[in-house]
Amino acid sequence: MPIRSFAELRRAAQERGPKRLAVVAADDDIVLSASAEALRLGLARPVLFGDADAILRKIAELGFEADAQIVATADPAKAAVQAVRDGAADILLKGHLRTDQLLRAVLDKERGLRTGRLLSDVLLYEDMLSGSRRLVGITDGGLNVAPDLGNKMQITANAIAVMRCLGIERPKIAIMSASEAVSEAMPSTVDAQALTRLGEAGEFGNADVFGPLALDNALLTVAAVAKGIRHPVAGVADCMVVPTIEAGNLLGKAAKYYLGSQCAHVIVGAKAPILIPSRVESIEDKVNAIALGIVHAGG
């Protein structure tokens with residue numbers, strides 16, 4: 001059965017865990033709290049990279065027992081990436097450093113975690129529009145600023161991989177725009193049509209890929225029917241591929257702050273899942289992200 005909630009996601013991660021979680025620059029209150037909770041739940045065995053004295057001070061301030069391996073290093077991103085390369089860690093979690101500092105180490109041509117695939121961010125939130133709780137994805141609101149058609153093909157493939165790790169055998173992927181009508185004046189609709197045709201030709205394997213779809217047509221069956229859109233994806237999309245990073249970022253934050261949903265997101269396309277939660281995300285969201293990384297790593 002597909003994983004339909006964050007509670008189910010955590011249970012699935014417990015069954016697959018514990019995985020080794022490399023926490024990069026671990027002297028961060030929220031990240032340490034999330035790592036401690038992941039340890040308590042049996043999801044992960046944290047390995048804390050960075051300034052050992054600063055990490056131990058934070059652990060003491062937070063009142064935790066230091067039941068985690070600490071790797072003292074002046075370059076935590078490089079050291080954590082090497083740990084993944086050596087098989088000593090399964091997942092990367094960003095701590096007290098900038099995302100670009102971590103990704104620089106990940107993308108290093110000689111000692112990074114490149115696979116030849118495009119890296120992209122997939123966010124999950126709990127959607128209730130269908131009348132029952134289910135996890136819905138949004139991609140890419142975190143990495144790729146203005147993806148071209150080739151990039152969108154890889155973003156779509158990455159999204160399908162994440163949906164499959166949630167137990168969805170034939171993911172329904174909506175290619176998003178502001179309208180369901182194809183128009184040269186709105187290039188994202190032209191790309192959506194092209195991705196739909198690639199899906200029909202079998203480019204994405206066992207998945208339904210369809211667009212362009214506006215937000216209501218992707219998530220509300222009644223809206224799709226009212227517009228005369230009849231397709232397996234219409235109204236019941238499992239994941240939405242947005243045209244730009246701005247659209248994905250705004251949509252993800254709307255799900256978080258307007259819907260009040262918990263969230264989780266993961267960067268896929270590297271040799272290991274990469275978690276880059278923002279500084280304002282809650283401990284719960286970070287634990288959800290760890291669970292997602294575990295399920296994807298084991299999927």
Side-chain angles (χ1 to χ4, degrees), residues 2-50 55 58-59 61-70 76 80 84 89-97 99 102 121-127 133-139 141-142 162-163 165-167 252-253 255-257 259-268 272-299:
I3 297 168
R4 299 185 65 84
S5 70
F6 286 119
E8 291 181 9
L9 182 68
R10 291 187 184 198
R11 287 195 291 271
Q14 286 174 320
E15 294 172 1
R16 292 164 171 80
K19 296 287 188 182
R20 295 160 299 179
L21 178 70
V23 186
V24 187
D27 54 318
D28 177 274
D29 291 3
I30 302 296
V31 166
L32 279 174
S33 297
S35 300
E37 181 66 3
L39 177 65
R40 185 188 72 80
L41 293 171
L43 301 176
R45 296 195 304 271
V47 183
L48 310 178
F49 290 81
I55 293 169
K58 287 290 185 184
I59 289 173
E61 290 169 7
L62 294 167
F64 298 149
E65 295 183 8
D67 191 13
Q69 179 185 354
I70 297 176
V84 173
D90 304 300
I91 301 163
L92 290 173
L93 172 63
K94 180 176 80 76
H96 192 206
L97 79 169
T99 297
L102 175 55
D121 181 87
V122 180
L123 177 142
L124 298 181
Y125 73 96
E126 289 183 339
D127 188 273
R133 190 181 307 274
R134 67 190 187 103
L135 293 175
V136 172
I138 300 168
T139 186
V162 173
M163 294 300 108
C165 87
L166 299 179
K253 288 180 177 175
K256 171 67 179 175
Y257 298 113
L259 293 183
S261 173
Q262 293 184 27
C263 292
H265 57 116
V266 61
I267 291 179
V268 292
I274 303 165
L275 312 177
I276 55 165
S278 74
R279 290 184 296 275
V280 300
E281 287 181 23
S282 67
I283 293 172
E284 290 299 307
D285 286 347
K286 286 181 170 63
V287 174
N288 291 337
I290 293 169
L292 177 57
I294 291 165
V295 170
H296 188 263

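Heads up: numbering here begins at 1 and tracks the sequence. Keep in mind that what you see is a predicted model, and the values were worked out from it rather than measured.
Between Leu93 and Pro277 there is a side-chain heavy-atom pair separated by less than 4.5 Å. Between Leu48 and Ile59, some side-chain heavy-atom pair lies under the 4.5 Å cut-off. Residues Val295 and Cys165 meet the side-chain proximity criterion, which asks for heavy atoms closer than 4.5 Å. Looking only at side-chain heavy atoms (C-beta outward), Lys58 and Asp28 stay at 4.5 Å or farther from each other. Side-chain contact between Leu275 and Val266 is present, with heavy atoms from C-beta onward closer than 4.5 Å. For the pair Asp285/Gln262, a side-chain contact is recorded, criterion being any heavy-atom separation below 4.5 Å from C-beta on.
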Verdict with supporting geometry, Arg133 and Ser261, side chain to side chain contact (heavy atoms under 4.5 Å, CB included): CA-CA 11 Å; Arg133 190 181 307 274; Ser261 173; over 6 Å; no
When you look at Leu9 and Leu166, which way does the side chain to side chain contact (heavy atoms under 4.5 Å, CB included) test go after all the steps? CA-CA 8 Å; Leu9 182 68; Leu166 299 179; 3.9 Å; yes
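Once rounded to the nearest 0.5 Å, the distance linking CD1 of Ile274 with CG of Asp121 reads 10.5 Å. Rounded to the nearest 0.5 Å, atoms CZ (Arg10) and CG (Leu41) are 6.0 Å apart. Taking OG of Ser5 as the start and CG of Asp127 as the end, the distance is 13.0 Å to the nearest 0.5 Å. Atom CD in Glu284 sits 11.0 Å away from atom CD1 in Ile30 (nearest 0.5 Å). Separating the CG atom in Asp27 from the CG atom in Leu32 is a distance of 7.5 Å, to the nearest 0.5 Å. Atoms NE2 and CD1, on His96 and Ile55 in that order, are 11.5 Å from each other to the nearest 0.5 Å.
Partners of Ala38 according to the side chain to side chain contact (heavy atoms under 4.5 Å, CB included) rule, which considers only residues two or more places apart in sequence or in another chain, are Leu43, Ala44, Ile290. Residues meeting the side chain to side chain contact (heavy atoms under 4.5 Å, CB included) test with Arg20, sequence neighbours left out: Arg45, Asp90. Every residue two or more places apart in sequence or in another chain that forms a side chain to side chain contact (heavy atoms under 4.5 Å, CB included) with Arg11 is listed here: Ala7, Glu8, Gln14.
Gly95 approaches Val31 most closely through the heavy-atom pair CA-CG2, 4.0 Å. Pro76 and Ala25 make their closest contact through CB-N, 3.6 Å (heavy atoms, listed as atom of the first residue, atom of the second, distance). When every heavy atom of Leu21 is checked against every heavy atom of Ser35, the shortest pair comes out as CD2-OG, 4.1 Å. Across every non-hydrogen atom of Val287 and Ala34, the tightest pair is CG2-O, 3.8 Å. The shortest heavy-atom contact between Phe6 and Leu124 is CZ-O, 3.5 Å. Across Ala272 and Val84, no two heavy atoms sit closer than the pair CB-CG1, 3.6 Å.
For Lys253, the NZ atom is loosely surrounded, since the number of other residues' heavy atoms within 6.0 Å does not exceed 12.
Judged purely by atom type and a 3.5 angstrom limit, Lys286 uses its side chain to pair as donor or acceptor with the backbone of Ser278.
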